[in-house]
Amino acid sequence: MKCYKPSCEKPVVYERKYEGTAFCKQHFLKNIEDKIRKMVGKYKYIRHGDRVGVALSGGKDSSVLLYVLNKLFGKYEIKFIAITIDEGIAGYRNESIEIAKKLCSDLKIEHRITSYKELLGQTLDSKLKISKEFNACTYCGVARRWCLNKAAKEAEVNKLAVGHNLDDEAQSIMMDYIKGDLPRLVRMDPNLEPKEGFIRRIKPLRSLPEKEIGLYAFLRGLKIQEDECPNMGGIRFEVRDFLNNMEAERPGTKNSILETFEKIVPALKQAGKTKVVLKECEKCGEPCSGDVCKTCELWC
Amino acid sequence: MKVKITFLKKMREVDVPEGSSVREAIKKAGINPEEVIINMDGTIIPDSGKLKDNDLIEAIRITSGG
C-alpha cells in the first residue's frame, strides 16, 4: 500500500485496516493530531480560558495526551496542569513517574504529584497485603478516580483530561454489558455533564486505538514503558485479549462497539434507567450515591 | 525461512514460508499484531511488510497501560 496522500512517495509506516488507508510517518502524525483536534471540537472539550488538568501517569497514552494537547492548544489562552498520582506500586510506577517529570520539564508544564499514601494513608502495595476481597484493579481504579478528582479540585482546574483510548472505551462498554451495569454504562456518555463535586472529565483520545497511540509516541520519540502493571488481572484483561483477537481478524470491531454505544445511550437515558442522586460521603465529603463513597468503603 | 523476533527482551526464532509478511511471522511467534509495533533496523514497518530469510525484527509492546 502507499500513503493515502496522492502525491506522497514516502515509505508507509502504518496501515489502518479498519479504514483501508495507509500512512507515511509525517502524514500519520498529522492524522492523529487532526483526530484529536476534531474530538476536542466535537464535544467542546476545551475552550478559551479553561484550566485543564491532564492526568499524567507517564505511560504512553497520557504522555501523548499531554504532548498533543499542548501542541494543539498550548498557544491559546488555556492553562494545562499535569497531575500525577503515585499509587505506590514498587518496581513499576517509579519509572513512569520519572518519564512524566521529564516530559513536563521538556514541555514547561506545571506538574503536580501526589500519592495514595498522601491522600489515603497507604500505598496500593500495602493495601493489597491486607485486603484480599477484591482484585487489585478494583481497589486501584476506585482510588485513582477519587485522588484525581481531589487533586484536580486542589489545582482549581475546570476540566480533567484523561488518556482513555478506543481500546479502554470498548473494554469498559463490554464489561458493563457483561455485568449488566446500565448506570455505569451511561456515565461513559461524553456529553454527560458532571454532577456537583466532580470535575468534568474529557477524553480526547477516545476514538484512537491503543496501537496508534503507541506508534505516535514512538515516532515522536516519547518514552514508552513496555512493562505491564504487576497487579494486572481480572475481567478487563480477559476482555482486552478477546477484543484484540477480534480486531486482528475483524478490523473495525472496537470502532463498531463505541459507535453503537453512542447510538443507544440516548435511549437508555430517556428510559430513566440511570438516575442517580448524589450525596456527600459521610467520611470524606466527596460526592457519592450511598452514605459512604466507594473509596472510603474500600480504603478506610 | 527463519525470522528472528525480539519481544520483551527475549529472542524468538520462527520458521515461516518464503515471502511471509511481518504479520504472519509475529502471529507464528504467538504475538498478537494488535499489541505491538514493529521496528526493523531502526525503521517502523507495517504489518504487511515482507520479510527475507534471517531478518531480525523487534516487536515493541504497546498494550501496557497509559
Side-chain angles (χ1 to χ4, degrees), chain A residues 1 3 11-17 22-25 28 55-65 89 92-93 96 137 162-165 167-168 205 209-219 224-229 231-232 236-237 240-241 243-249 251 253-254, chain B:
Chain A
M1 287 184 88
C3 181
V12 163
V13 298
Y14 182 67
E15 289 159 346
R16 184 176 282 159
K17 293 181 176 54
F23 300 86
C24 70
K25 174 181 172 179
F28 174 79
L56 179 67
S57 66
K60 66 172 187 315
D61 300 298
S62 57
S63 297
V64 167
L65 175 67
I89 304 172
Y92 174 68
R93 190 47 83 204
S96 58
C137 293
V162 294
H164 290 61
N165 56 50
D167 290 58
D168 296 320
L205 306 185
E210 183 173 26
K211 180 167 177 165
E212 294 186 13
I213 294 169
L215 180 57
Y216 183 96
F218 187 89
L219 293 175
I224 302 175
Q225 184 187 29
E226 279 190 80
D227 293 337
E228 287 193 319
C229 178
N231 299 317
M232 63 171 260
R236 179 173 289 276
F237 297 94
R240 182 192 76 176
D241 289 347
L243 289 178
N244 280 340
N245 290 336
M246 289 291 284
E247 188 73 32
E249 299 305 319
T253 295
K254 295 170 190 171
Chain B
M1 65 177 185
K2 294 206 185 304
V3 175
K4 294 187 185 66
I5 304 169
T6 57
F7 179 58
L8 301 177
K9 297 174 185 147
K10 288 187 181 150
M11 173 83 78
R12 307 176 191 198
E13 189 176 89
V14 294
D15 205 346
V16 290
E18 291 285 336
S20 290
S21 67
V22 166
R23 190 177 183 87
E24 286 158 341
I26 59 175
K27 283 177 82 171
K28 184 82 187 279
I31 301 167
N32 190 320
E34 289 304 306
E35 297 179 4
V36 294
I37 54 178
I38 303 298
N39 180 11
M40 187 158 87
D41 296 329
T43 303
I44 294 294
I45 56 172
D47 290 358
S48 64
K50 295 297 182 197
L51 296 170
K52 300 187 302 294
D53 193 26
N54 284 320
D55 269 346
L56 169 63
I57 59 175
E58 179 190 7
I60 302 167
R61 183 167 64 180
I62 47 79
T63 55
S64 52

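Lettering follows sequence order; numbering is per chain, from 1. It should be emphasised that the depicted structure is a prediction, and the values quoted were computed from it without experimental measurement. For the numbers below, each heavy atom of this structure counts, side chains included, while hydrogens, waters and symmetry mates do not.
In this structure, chain B has a heavy atom under 4.5 Å from the side chain of Leu219(A), while its backbone stays farther away. The contact between Lys17(A) and chain B is made entirely by side chain atoms (from C-beta outward), counting heavy-atom distances below 4.5 Å. Of the atoms belonging to Asp47(B), heavy atoms from both backbone and side chain fall under 4.5 Å from chain A. Proximity to chain B is absent for every atom of Asn165(A), based on heavy atoms less than 4.5 angstrom apart.
Note that the CD1 atom of Ile44(B) and the CZ atom of Phe218(A) stand 4.0 Å from one another [nearest 0.5 Å]. Distance check, rounded to the nearest 0.5 Å: NZ of Lys60(A) to CZ of Arg61(B) gives 10.0 Å. Taking CD1 of Ile45(B) as the reference point, atom CD of Glu15(A) lies at 10.5 Å (rounded to 0.5 Å). Taking CG of Asp241(A) as the reference point, atom CD of Glu34(B) lies at 12.0 Å (rounded to 0.5 Å).
Contact between Lys211(A) and Ile62(B) at its shortest, heavy atoms only, is CA-CD1, 3.5 Å. The minimum heavy-atom distance between Gly214(A) and Ile37(B), with the atom names listed, is O-CD1, 4.1 Å.
We find that Lys27(B) and Glu249(A) are joined by a salt bridge, their nearest charged nitrogen and carboxylate oxygen being less than 4.0 Å apart.
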